[in-house]
Number of protein chains: 2
Amino acid sequence: MNSEFTIAVHSLVLLAYLPERMATSETIAVNVGTHPARVRKVMSCLRRGGYVDTREGSGGGYWLTAQPAEVTLKDIYRVIAIGSLMPNWCSGNPDADCIVGSNMKEVMYGIFCAAEQRLESYFAGITIADVLAQIRECEPK
Amino acid sequence: MNSEFTIAVHSLVLLAYLPERMATSETIAVNVGTHPARVRKVMSCLRRGGYVDTREGSGGGYWLTAQPAEVTLKDIYRVIAIGSLMPNWCSGNPDADCIVGSNMKEVMYGIFCAAEQRLESYFAGITIADVLAQIRECEPK
DNA sequence: CTAACTGTAACTGATATTATTACAGTACAA
DNA sequence: TTGTACTGTAATAATATCAGTTACAGTTAG
């Protein structure tokens with residue numbers, strides 16, 4: 001899995017934590033530990049998903065429009081990282097004579113799709129509010 | 001996830017399918033669609049896990065020692081691919097002042113570990129024999 | 001008009017993945 | 001005991017993916 005999912009979750013949790021529920025890509029990037037351009041790319045996806053709103057220009061930035069308790073990690077996963085469980089490489093060769101070689105690709109595809117659904121159902125049980133609550137429970141540094 | 005897990009499953013299913021339950025790395029590699037050296041690397045892990053036995057030298061190769069109905073994809077996952085769900089990149093900075101930035105890494109780590117357990121429990125329900133049965137159910141080409 | 005933003009694409013460098021080569025070690029069989 | 005056919009493993013090369021960075025057009029507030 002690439003890390004855009006993590007960046008997306010982190011960004012939404014940060015917005016939920018901030019009193020104004022608003023921040024610029026620069027502020028988010030510092031908190032996440034990456035480059036503002038990368039944050040903007042991820043936030044564009046979240047905007048298309050309807051979880052944040054953006055304003056360009058001076059005084060602009062990103063703010064949370066969704067309720068933290070109503071956005072799940074599954075929602076975010078589907079917007080940002082869907083399909084990332086499946087390896088890019090597939091085994092077998094559909095034209096082979098052997099039924100194992102010729103059908104393995106399809107069977108493994110089915111297995112990974114079902115695995116991804118399991119993963120999504122786990123993520124469906126975790127909201128942005130839950131993640132923020134876990135953060136508040138951490139030992140103060 | 002890298003594709004060694006897929007190669008391992010494919011190899012074991014092929015061995016379970018073959019009447020002798022035995023094959024060389026060359027035979028397996030052709031069926032899987034990769035290089036024999038790569039198959040040998042994966043099979044070394046499976047040997048250490050106790051799922052196959054190997055014999056060097058002329059007439060050697062790999063054969064299945066475990067019962068196909070008793071080896072699960074979870075067993076294989078743990079031997080070959082454990083930890084592969086977690087991204088290599090982590091967000092946040094434990095030294096930051098903000099509790100979100102300083103604790104996100106740890107919280108996301110916990111989320112991914114639990115997700116991996118979910119994945120493993122799904123894989124625990126699928127045996128090599130199940131995969132082979134699915135292959136036999138596929139339309140003949 | 002200017003400063004401060006986002007949106008997005010292009011490019012670079014780093015890292016991960018897969019393929020390939022190489023060769024030492026082992027076992028069988030003539 | 002020598003040749004052939006294998007495994008075991010490391011090193012290298014080729015390729016793909018990922019993350020960082022730069023660049024700049026477009027937008028908005030003041």
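The analysis underlying the following values was restricted to heavy atoms, covering all of them including side chains, and did not include hydrogens, waters or symmetry mates. Proteins come first, then strands; the chains are lettered A, B, ... in the order of their sequence lines, and each starts at number 1.
Residues passing the side chain to side chain contact (heavy atoms under 4.5 Å, CB included) test with B:Leu18 are B:Leu14, B:Ala23, sequence neighbours excluded. Residues forming a side chain to side chain donor-acceptor pair (under 3.5 Å) with B:Thr34 (at least two apart in sequence, or on another chain): none.
Ring geometry, A:Phe123 versus A:Phe5: the interplanar angle falls from 30° to 60°, so the pair is classed tilted.
In this structure, A:Ser58 and A:Ile7 both approach DNA chain D, and ranking their closest nucleotides by distance from the 5' end singles out A:Ile7.
Note: CD1 (B:Ile28) to C1' (D:dT7) measures 12 Å, nearest angstrom. Between A:Asp53 atom CG and C:dC5 atom P the separation is 17 Å, expressed in whole Å. If you take CE of B:Met86 and C1' of D:dC18, they are 18 Å apart, rounded to a whole angstrom. If you take CH2 of A:Trp63 and P of D:dT28, they are 11 Å apart, rounded to a whole angstrom.
Residue pairs meeting the side chain to side chain donor-acceptor pair (under 3.5 Å) criterion with at least one partner in residues 38-67 of chain A, sequence neighbours excluded, are A:Ser3-A:Arg38, A:Glu4-A:Lys41, A:Ser25-A:Arg40.
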Tell me, for nucleotides 6-18 of chain C in 5' to 3' order, what letter each nucleotide earns: B for a base near a protein heavy atom under 4.0 Å, S for only sugar-phosphate near one, - for neither?
BBB---------S

Show the atom names and distances, to 0.1 Å, of all donor-acceptor pairs under 3.5 Å that link a side chain in residues 77-89 of chain B to residues at least two apart or in another chain.
from, atom 1, to, atom 2, distance (Å)
B:Tyr77, OH, B:Ser84, OG, 3.3
B:Tyr77, OH, B:Glu116, OE1, 3.2
B:Tyr77, OH, B:Glu116, OE2, 3.3
B:Arg78, NH1, B:Glu120, OE1, 2.6
B:Ser84, OG, B:Ala81, O, 2.9

Distance-only donor-acceptor pairs under 3.5 Å for side chains of residues 90-98 of chain A, two or more places apart:
from, atom 1, to, atom 2, distance (Å)
A:Ser91, OG, B:His10, ND1, 2.8
A:Asn93, OD1, A:Asp95, N, 3.0

